[in-house]
Number of protein chains: 2
Amino acid sequence: MNDPAKPIRLILCDDHAVVRAGLLALLDSAPDVDVVGEAGTGEEAVALAAKLNADVVLMDLQLGAGIDGVEATRRITAERPDTHVLVLTTYDTDADITRAIEAGATGYLLKAERPDELFAAIHAAAEGRTALSPPVAGRVMARMRSPQPTLTDRERDILAQLAQGLGNRDIARALFISEATVKTHLGRIYDKLGVDTRAGAVAVAKEQRLLG
Amino acid sequence: MNDPAKPIRLILCDDHAVVRAGLLALLDSAPDVDVVGEAGTGEEAVALAAKLNADVVLMDLQLGAGIDGVEATRRITAERPDTHVLVLTTYDTDADITRAIEAGATGYLLKAERPDELFAAIHAAAEGRTALSPPVAGRVMARMRSPQPTLTDRERDILAQLAQGLGNRDIARALFISEATVKTHLGRIYDKLGVDTRAGAVAVAKEQRLLG
DNA sequence: GCCGGGGTCAGCCGATCGGATGACCCGCCG
DNA sequence: CGGCGGGTCATCCGATCGGCTGACCCCGGC
């Protein structure tokens, strides 16, 4: 897969056209990397991966409209086990990292990383080896040490409504449950997020990118 | 300033090394653009602008640590009126656009824009002409039609505390004012943001990037 | 010199929240 | 089959919030 005679076949996926063009120009300067496809949305990336038999998909997680990078990663790795997804993104929040890894990403690199790290990570990904940015690796380790609270689906539902600024009664109506249940969930959410007010919960949720 | 014999002298400022390298590779392919400097922080950009006599600074607004792109823009345009700052960023929120323009930015381009728009905007900026991405232009127009509420400094103080999840009493203590005053400000904040709960205010604040 | 905006403070009151406790149901796993 | 996690609901109560009204001060512009 890393035969010097055969350049790495790579698909680029980033919703920012300018950034994409920049990365394309950068990768083109590397003789052993062959950018065989460009995608501006998750759907495009999945479609390209299905027919291009690429070695690596360089994937941004934030893709504006349509499916996000995590979902795209999930579909690509499910359909094409030989195509390795290398996530290249801005954020190093726990939620993003965890979701990307469990979706099947081979590596997770930050855009703040040095460019040579990018090339190294691409090679690693092409061979199926994991490559993580140091800050990302640090977070993964930290998480293993003190496994962090994960919100249940229902709790995320509640949190989503909360982030709209709704009161308990409105949340209850929106989710077809009783106000008492809402308060029960809220209490657990406060516990898990380490806050004790709804405003604090919204702040943490937005900060950790727990919601869309 | 746009003599074909004299390429545009440009300084690149983006905290993401990978993106910066990509843009560098992209701009290098343009014969009439000469990237004379690269900066990963606002401070670096200001320093480079001070001594390099550049025509254009391509500036990201989100710069991680240190001063942000708006402050860097303010300092550069203050010190070097002939150096035009072209903002290149991801977000097209009103708050960002307004602050960048009032800081003296000559143009405001989104990273989602087509690359050829980037080149066009760079040329425009070099000549001191304004270049706005269509979505940005639209927002500017909309704002002129219905001037939107601007939070006062004090209201932002309150909002910042609120976003920490603090209660009224805690906010009052933190800002050395009475609880009654906090409530007065909060009421006005709710009005301006079009919400009626603290959770909603936090959500809007995070959404509109009204806070750091 | 008056007016308006921004900041500060007070008191009142109904609605809501936060916390605690206890309970039931269901699906899954050992 | 028994336990356990997740989801649901109820009740109670003190603390807090949100809305309202009215007031004072300072400063800068007309």
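Keep in mind it's a predicted model, so treat the numbers as computed, not measured. Letters A, B, ... mirror the listed sequences (proteins, then strands); counts begin at 1.
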(request) For B:Asp153 and C:dG5, give me the distance from atom CG to atom P, rounded to whole Å. (result) 17 Å

(request) List the atom of B:Val202, the atom of B:Ala163, and the distance in Å for their closest heavy-atom pair. (result) CG2-CA, 3.9 Å

(request) Using the side chain to side chain contact (heavy atoms under 4.5 Å, CB included) rule, pick out the option among A:Ile76, A:Leu88, A:Val70 that qualifies with A:Met59. (result) A:Ile76

(message) Quick check against the 3.5 Å criterion: does B:Thr77 have a side-chain atom that pairs as donor or acceptor with the backbone of B:Ala103?
(response) yes

(request) Could you check how far NE2 of B:His185 sits from C1' of C:dT8, rounded to whole Å? (result) 7 Å

(request) Would you mind reading off the distance between B:Ile158 atom CD1 and C:dT8 atom P, rounded to a whole angstrom? (result) 7 Å

(message) Here's a test for you: under side chain to side chain contact (heavy atoms under 4.5 Å, CB included), which of B:Val35, B:Val36, B:Leu23 qualifies with B:Leu10?
(response) B:Val35

(request) Let me have a per-nucleotide readout for nucleotides 9-25 of chain D, 5' to 3', with B, S or -, counting only protein heavy atoms under 4.0 Å. (result) BB-B---SSBB------

(request) Have a look at B:Ile189 and tell me which of B:Leu162, B:Ile158, B:Thr152 forms a side chain to side chain contact (heavy atoms under 4.5 Å, CB included) with it. (result) B:Ile158

(request) Might you point out which heavy atoms bring B:Glu44 and B:Ala39 nearest each other, and give the distance in Å? (result) OE1-CA, 3.4 Å

(message) Quick check on side chain to side chain donor-acceptor pair (under 3.5 Å): which of A:Lys183, A:Arg198, A:Glu179 does A:Asn168 satisfy it with?
(response) A:Arg198

(message) Angle between the end axes of the helix from C:dG1-D:dC30 to C:dG30-D:dC1, five pairs per end, to the nearest 10 degrees?
(response) 40°

(request) Check the distance between C:dT8's P and B:Glu155's CD and give it to me in whole angstrom. (result) 10 Å

(request) Taking A:Glu43 for its side chain and A:Ile67 for its backbone only, find out whether a donor-acceptor pair lies under 3.5 Å. (result) yes

(request) Can you tell me the distance, in whole Å, between the CZ atom of A:Arg188 and the C1' atom of D:dG7? (result) 7 Å

(message) How many whole angstroms separate atom CG of A:Leu159 from atom P of D:dG6?
(response) 16 Å

